[in-house]
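Just below is one structure, and these are the notes that go with it.
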Amino acid sequence: MTDQPRRKDLLDIQSLSVDEVNGILDAAVPFKDLFKRSVKKVPTLKGKQVLTLFYEPSTRTKSSFEIAAKRLSADVTNFSVSTSSVVKGESVLDTIDTLQAMRTDYVIIRHQMSGVPEMIARHTDASVINAGDGYHAHPTQALLDAYTVRETFGEIAGRRILIVGDIKHSRVARSTSRILKMLGADVRVFGPGTLVPDDRPEWLQAFANWDAAFAWKPDAIYLLRVQRERQDDQFFPSVQEYHKFFGITAQRFARVRDEGIYIMHPGPVNRGVELVDAVMDYDRSLINQQVENGIATRMAVLYWLKPQSTPLPG
Amino acid sequence: MTKETIDTALDRVAASIADRYQDSSPVVAGIHTRGVIVADRLRAKLAALGCGVRSGTLDISLYRDDLDNLGTMPSLKNSDLPAVDGVDVILVDDVLFTGRTIRAAIDGVTDYGRPRKIELAVLVDRGNRELPIQADYVGETFETERTDYVAVHLNETDGEEGVFLLRKS
């Protein structure tokens, strides 16, 4: 494995090459190994400033990035959006000027509008990591999902992954299906008719029902989270209905277990909606591994990126 | 150095280590990439001398002090050390030059615990230190200028054996 050229920003999956993706996944392996040591920290990013800027609520992704940055010895500041001047009407670009003056090396941003991280990346010397923008992309989720599939199956190529849920509004579905496809997996989707977009990529086939999906013999089923907070526009009648038609019910779980199918979920799980409680204790549920792998892959991303704010040699 | 002189040099290093560690079994830890190979060879020689040692490997990329200057991401290998608390650790590398790699390796080892002692064995010491670091066991000493290049080629990584000193004219 040759050394990978570094980039300034990580904004989406499609701008990465297969070599770059593999380089990040390879680097995540020794990072995960560090978690077994008594000192889980390395001095790699000592003295660097990491800023998290979340315009949308998130506990998991934000903490995951925070732990990743701290295990690399960076200093982390949460630019708490709801309490900051954002509510006082400061524009995103004004905020960026402020960050620039603060000499931030890495900005981790989540925003409800697609494209905001890219705009910020253009206006700052800091490395920008997209932690989710609108319906567009969530590249570190995709990387941790790919890492988890690779760790579980040894190789991603040839594996069959079924993504279930709201495909249309999911940046997770968009980024994760793309990275898995890129690495040679066969990815298909299943979900409510209103939430499986017709303009999806040609290679992303959709199933009409569970029987057809099971008959395809998936290696893993990736359940998307039902975004209850986004249920203002009713795309399906109720969460009970969703569970009945698209969730892993007790009956479907029996089939999942019989066939040894792995279960993935980006978290947090709505018990009784995407899946029944019993799935959480299933030995082929990869949900907790995804969380742990999230820290390792985010460390690898921070290690790989090169802020322009760092002084040139000499 | 040739295949033969490399082997003789490592014989000498192994003999000195065996001499000092008759009763305890130190951890002999190779630094990636070629230090791992040199450590493997030393362990084989030590075993032949009846000196029992434990093995380890160390990747120091995460402890480097020059990441800011790198345009590429150094690929990472797994570090694999046994418990080092209260134990003697002998770090092994192919070439000792500025001492910065060894500084990083010492930091790396101490993140695994508190060894009783850390020593250093190298195949070649080429001088030009930038830190107050010295080796305890040296296979061969080269007089070099800072701008010279010392290339260590080992069968396992390079398909040939030899240490070459390239003078910058």
Side-chain angles (χ1 to χ4, degrees), chain A residues 1-8 10 16-17 19-49 68 71-74 105-106 125-127 296-297 299-314, chain B residues 27 29-36 54-87 89 98 100-116 118 130-131 146-147 156-158:
Chain A
M1 189 75 214
T2 51
D3 292 354
Q4 277 304 313
R6 301 169 76 192
R7 283 186 190 236
K8 179 176 161 291
L10 175 63
L16 301 182
S17 69
D19 279 350
E20 283 176 309
V21 168
N22 280 322
I24 297 168
L25 298 183
D26 288 344
V29 177
F31 279 119
K32 191 173 177 184
D33 229 47
L34 292 178
F35 304 167
K36 292 183 247 162
R37 303 195 325 194
S38 61
V39 178
K40 293 172 187 59
K41 212 167 166 161
V42 285
T44 317
L45 296 186
K46 195 167 72 183
K48 299 287 181 233
Q49 180 65 56
R71 286 190 182 165
L72 288 166
S73 299
D105 300 295
Y106 301 85
D125 292 334
S127 282
T297 44
M299 286 174 84
V301 167
L302 285 164
Y303 173 62
W304 169 62
L305 292 178
K306 182 173 163 58
Q308 275 170 8
S309 50
T310 55
L312 290 166
Chain B
V27 173
I31 299 170
H32 279 291
T33 304
R34 288 182 187 75
V36 170
R54 281 169 289 171
S55 62
T57 58
L58 205 58
D59 183 298
I60 55 98
S61 304
L62 300 174
Y63 293 85
R64 290 170 70 138
D65 57 8
D66 58 352
L67 187 66
D68 281 356
N69 305 336
L70 300 177
T72 60
M73 170 176 79
S75 57
L76 300 176
K77 286 121 198 156
N78 270 321
S79 293
D80 185 16
L81 278 184
V84 297
D85 272 313
V87 172
V89 176
T98 61
R100 288 178 192 270
T101 299
I102 305 307
R103 193 279 307 161
I106 294 170
D107 284 349
V109 169
T110 50
D111 276 352
Y112 281 84
R114 185 178 186 277
R116 187 169 70 179
I118 300 178
E130 293 169 5
L131 292 170
R146 212 196 166 288
T147 48
E156 293 87 332
T157 43
D158 313 282

* To do: Show your reasoning for whether side chain to side chain contact (heavy atoms under 4.5 Å, CB included) applies to Arg71(A) and Phe35(A).
  => CA-CA 9 Å; Arg71(A) 286 190 182 165; Phe35(A) 304 167; 3.2 Å; yes
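Ion pairing of Glu130(B) with Arg146(B) is present here, as a side-chain N (NZ or NE/NH1/NH2) and a carboxylate O approach within less than 4.0 Å.
Each of Asn78(B), Thr72(B), Asp59(B) has some count of heavy-atom pairs under 4.5 Å with chain A, and the biggest count is that of Thr72(B).
With a threshold of 4.5 angstrom between heavy atoms, Leu70(B) approaches chain A through its backbone and through its side chain. Interface residue Lys41(A): only backbone heavy atoms are found under 4.5 Å from chain B. With a 4.5 Å cut-off on non-hydrogen atoms, Leu34(A) touches chain B through its side chain but not through its backbone.
The salt bridge (charged side-chain N to carboxylate O under 4.0 Å, His left out) contacts involving residues 76-86 of chain B comprise nothing, where partners must be two or more places apart or lie in separate chains. Screening residues 61-80 of chain B for ring-ring contact (aromatic ring centres under 6.0 Å, His included) gives no qualifying pairs among residues at least two apart or on separate chains.
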